[in-house]
There are 2 protein chains.
Amino acid sequence: MPKSDSKRITLEDVAREARVSAQTVSRVVNNHPYVSADTRRRVQDAIRKLDYRPNRAARNLATQRSCMVGIISFGMTHYGPAQMVNHIERTARTQGYGVSLSTVSTFSFDDIRRAMDDLGDRSVDGVLFISPVTGADYDDFAHICGGVPFVLIDTQLGAQMPSVVIDQRYGSQLATRYLFDLGHRAISAISGPLDWFGAQARHQSWLDTLAAAGIEPGPALEGDWTASSGYRKTRDLIKSGATFTALVAGNDQMALGAIRALREAGRRVPEDVSVVGFDDIPEAAYFDPPLTTIRQDFAALGKQSVEYLMALIAQPDLPLHQRVLYPVFVARQSACKVGSDE
Amino acid sequence: MPKSDSKRITLEDVAREARVSAQTVSRVVNNHPYVSADTRRRVQDAIRKLDYRPNRAARNLATQRSCMVGIISFGMTHYGPAQMVNHIERTARTQGYGVSLSTVSTFSFDDIRRAMDDLGDRSVDGVLFISPVTGADYDDFAHICGGVPFVLIDTQLGAQMPSVVIDQRYGSQLATRYLFDLGHRAISAISGPLDWFGAQARHQSWLDTLAAAGIEPGPALEGDWTASSGYRKTRDLIKSGATFTALVAGNDQMALGAIRALREAGRRVPEDVSVVGFDDIPEAAYFDPPLTTIRQDFAALGKQSVEYLMALIAQPDLPLHQRVLYPVFVARQSACKVGSDE
DNA sequence: TTGAAATCTGCTAACGCTAACATAATAACA
DNA sequence: TGTTATTATGTTAGCGTTAGCAGATTTCAA
């Protein structure tokens with residue numbers, strides 16, 4: 001079998017085959033009214049017969065739109081971004097939009113600009129940023145997007161940006177207060193990388209919640225979201241002589257690493273140390289012990305950001321705002337009353 | 001600040017500003033030789049001044065290429081696909097290619113065809129399938145791709161397809177033989193969904209390896225890759241009265257679920273039951289006990305498939321072949337000698 | 001019957017870019 | 001000094017599609 005048909009079939013070819021004008025074929029392809037049933041059928045037959053497929057580039061050029069949204073994301077090694085990309089793609093698809101992906105590996109604005117250029121300026125109708133950059137405001141984004149509507153995901157709460165965020169402060173409050181209510185007063189933390197807004201917000205809220213409760217925050221260290229870092233940092237914490245009866249991990253993976261480090265140091269979880277994570281990854285319920293955590297609805301985050309972006313594309317003058325989603329507390333067995341020995 | 005500049009800047013605008021022809025601007029943009037240093041600088045200044053960005057659609061139309069590769073994948077809820085998409089994007093980017101994503105949720109060929117249509121025929125220069133479909137041969141794929149080169153990832157070993165695969169049979173052999181060598185003779189399995197080639201291959205090889213060793217395979221059940229299914233199926237296995245001293249799980253997540261189910265049934269891991277997983281996800285080393293598993297190099301899989309696809313794009317008549325990668329065995333603590341009680 | 005509205009189809013001109021050729025200026029060689 | 005390469009720029013003609021207008025035909029009401 002030949003692997004390429006050498007000649008691409010165009011509207012013109014179909015038109016000749018169906019004995020109509022190219023314009024009429026275009027009408028059929030685009031479901032315009034004002035095409036007689038008979039003609040429509042003839043054209044459709046010709047399309048099928050010749051295996052015609054419209055040329056996107058030509059259509060994009062003529063219509064000035066691409067029906068593509070771009071995603072600029074921090075890789076997909078992390079659970080959250082991968083989940084979001086997944087749901088964004090699905091949602092966009094149902095709205096007739098395709099998805100073009102570009103990942104960045106640093107937080108530098110230059111890198112993001114490069115990603116945007118790679119995305120092919122003007123080749124996307126809108127852009128979604130899954131990129132918790134620091135030190136950039138609306139105008140910065142607007143400039144690199146060059147007039148293309150954009151929505152930021154999981155960025156600074158309260159920022160004057162078109163964005164969809166999860167209220168991380170609230171989530172962290174939930175976690176910390178839960179531990180407090182269980183009687184814990186020596187609460188340490190392994191945060192995510194603090195140049196991520198999410199990590200930063202969770203950490204700050206942890207500090208604030210403790211302050212509000214009138215207790216000193218325990219020693220805290222910064223991880224990088226991986227189980228490995230959770231393990232290493234917790235070991236460091238223990239080695240440094242820190243005493244704590246509860247630990248808030250920046251995400252579930254780090255919580256897993258932390259639990260292992262605690263075990264190795266002879267501390268039982270949750271009897272000696274209670275551990276709380278963030279995200280509620282599908283595996284969290286099967287950790288040992290099943291992890292108490294703060295669930296983030298990444299699916300909703302992805303879905304809503306696409307919907308918002310679509311609205312912005314359809315109506316660029318829409319007033320910008322921030323949509324806020326709230327995480328929910330999931331109690332399992334990795335945290336218990338301080339001093340419990342059941 | 002205005003959010004859109006209403007008028008898009010074209011080559012013509014830049015040409016006027018720099019007092020050269022549009023063609024010369026095009027030459028500068030595309031780094032053609034034969035542009036004097038002086039002119040080049042003048043054009044670049046004009047580009048910067050006007051914040052000109054080339055129109056992809058127009059370029060695609062004129063050059064007949066898009067510098068985009070499509071990925072058709074089974075979502076990214078699973079670790080493997082997400083990893084691959086990640087590395088594919090990175091590799092493609094370094095070669096000057098962008099990535100367009102389309103996911104499918106069923107194995108039906110129609111669904112894949114739809115995904116391909118969504119990808120925008122002719123709007124990608126090549127396609128990567130992360131889609132272990134059953135019952136489709138080269139011609140089927142060639143047809144829906146309509147002359148666009150494609151590479152299949154993680155498909156049937158030995159199939160006459162342009163593809164990059166991991167030798168799952170070998171990996172499964174490694175796992176099973178390891179358990180056998182530890183003295184296990186009652187070995188059960190929780191496989192992945194058997195309509196996935198990978199799962200099927202691992203499962204079949206498990207059967208074959210046991211047969212070769214002259215022992216009966218223990219009872220086996222089919223999961224869906226999730227920890228939850230690993231848990232449920234293992235519980236079913238136990239409830240059904242199956243006795244086994246070792247369990248091969250289709251991936252690490254299911255191994256995690258299995259371990260939890262075993263614990264709840266009062267069986268220790270690995271003293272009573274040894275467990276082996278597949279993939280070596282980053283968390284596996286921090287499971288309790290750290291998981292013995294078969295590492296899949298998804299990064300290499302992604303990278304190689306892109307490289308192969310690029311070669312195919314550059315030279316469509318390249319003889320088709322299958323690249324095979326081999327998994328490696330990673331010994332940790334979830335499996336030990338049968339009857340050990342240390 | 002007559003005009004007006006509705007329905008159907010075709011023509012022409014973009015959309016913004018690049019390939020290919022044509023031209024002009026400069027350098028290189030015998 | 002002419003002949004040929006080399007470098008630098010402009011001109012023309014598409015790439016395959018859709019928008020917008022212009023006819024042509026049919027339907028409907030007065």
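Below, read A as the first sequence line, B as the second, and so on, with proteins coming before strands; counting in each chain starts at 1.
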A:Ala311: which residues meet the side chain to side chain contact (heavy atoms under 4.5 Å, CB included) condition with it, sequence neighbours left out?
A:Leu318
If you measure from the Lys or Arg side-chain nitrogens to the Asp or Glu carboxylate oxygens, is any gap between B:Arg48 and B:Asp51 under 4.0 Å?
no
Do the side-chain N or O atoms of B:Gln64 get closer than 4.0 angstrom to the phosphate oxygens (OP1, OP2) of D:dG16?
yes
Pairs in or reaching into residues 299-320 of chain A: which pass ring-ring contact (aromatic ring centres under 6.0 Å, His included), with residues at least two apart or in two chains?
A:Tyr308-A:His321
Could you state the CZ-C1' distance from B:Arg65 to C:dG16, rounded to the nearest angstrom?
17 Å
For A:Arg41 and C:dT9, what is the distance between atoms CZ and C1' respectively, to the nearest whole Å?
17 Å
Taking the six-membered ring for Trp, are the ring centroids of A:Phe74 and A:Phe129 within less than 6.0 Å of each other?
no
With distance as the sole test, does A:Thr63 use its side chain to make a donor-acceptor pair with the main-chain N or O of A:Arg59 at under 3.5 Å?
yes
Please determine if a side-chain N or O atom of B:Thr10 lies less than 4.0 Å away from the OP1 or OP2 oxygen of C:dG16.
no
Is the number of heavy atoms from other residues, nucleotides or ligands within 6.0 Å of CD (A:Gln95) greater than 12?
yes
Using atom CZ of B:Arg59 as one end and atom P of C:dC17 as the other, report the distance to the nearest whole Å.
8 Å
Any idea which of D:dT17, D:dG10, D:dT9 is nearest the A:Ala58 side chain?
D:dT17
Provide, to the nearest angstrom, the distance between the CZ atom belonging to A:Arg42 and the P atom belonging to C:dT9.
8 Å
Could you state the atom-to-atom distance from CG of B:Asn60 to P of D:dT17 in whole Å?
14 Å
Rounded to whole Å, the CG-P distance (B:Leu11 to C:dA14) equals 18 Å
As a check of understanding: the bend across the helix from C:dT1-D:dA30 to C:dA30-D:dT1, end axes from five pairs, rounded to 10 degrees, works out to 30°
To the nearest Å, give me how far apart CG (A:Asn55) and P (C:dC17) are.
17 Å
Quick test of your reading: applying side chain to side chain donor-acceptor pair (under 3.5 Å), list the pairs with at least one residue in residues 68-88 of chain B, sequence neighbours left out, ordered by first then second residue.
none
For the side chain of A:Ala62, counting heavy atoms from C-beta on, which of C:dG16, D:dT18, C:dC17 is nearest?
D:dT18
Side chain to side chain contact (heavy atoms under 4.5 Å, CB included) against A:Asp297, all qualifying residues, sequence neighbours excluded:
A:Ala299, A:Ala300
Indicate whether OP1 or OP2 belonging to C:dC15 is found under 4.0 Å from a side-chain N or O atom of A:Thr63.
no
Side chains of B:Val124 and A:Arg56 in contact at under 4.5 Å (non-hydrogen atoms)
no
B:Ile9 CD1 to C:dC15 C1', in whole Å, measures 16 Å
Of B:Leu61 and B:Ala37, the one whose closest DNA chain D nucleotide lies more 5'
B:Ala37
Check DNA chain D against residues 23-36 of chain A and give the residues with a non-hydrogen atom under 4.0 Å, in numerical order.
A:Gln23, A:Ser26, A:Asn30
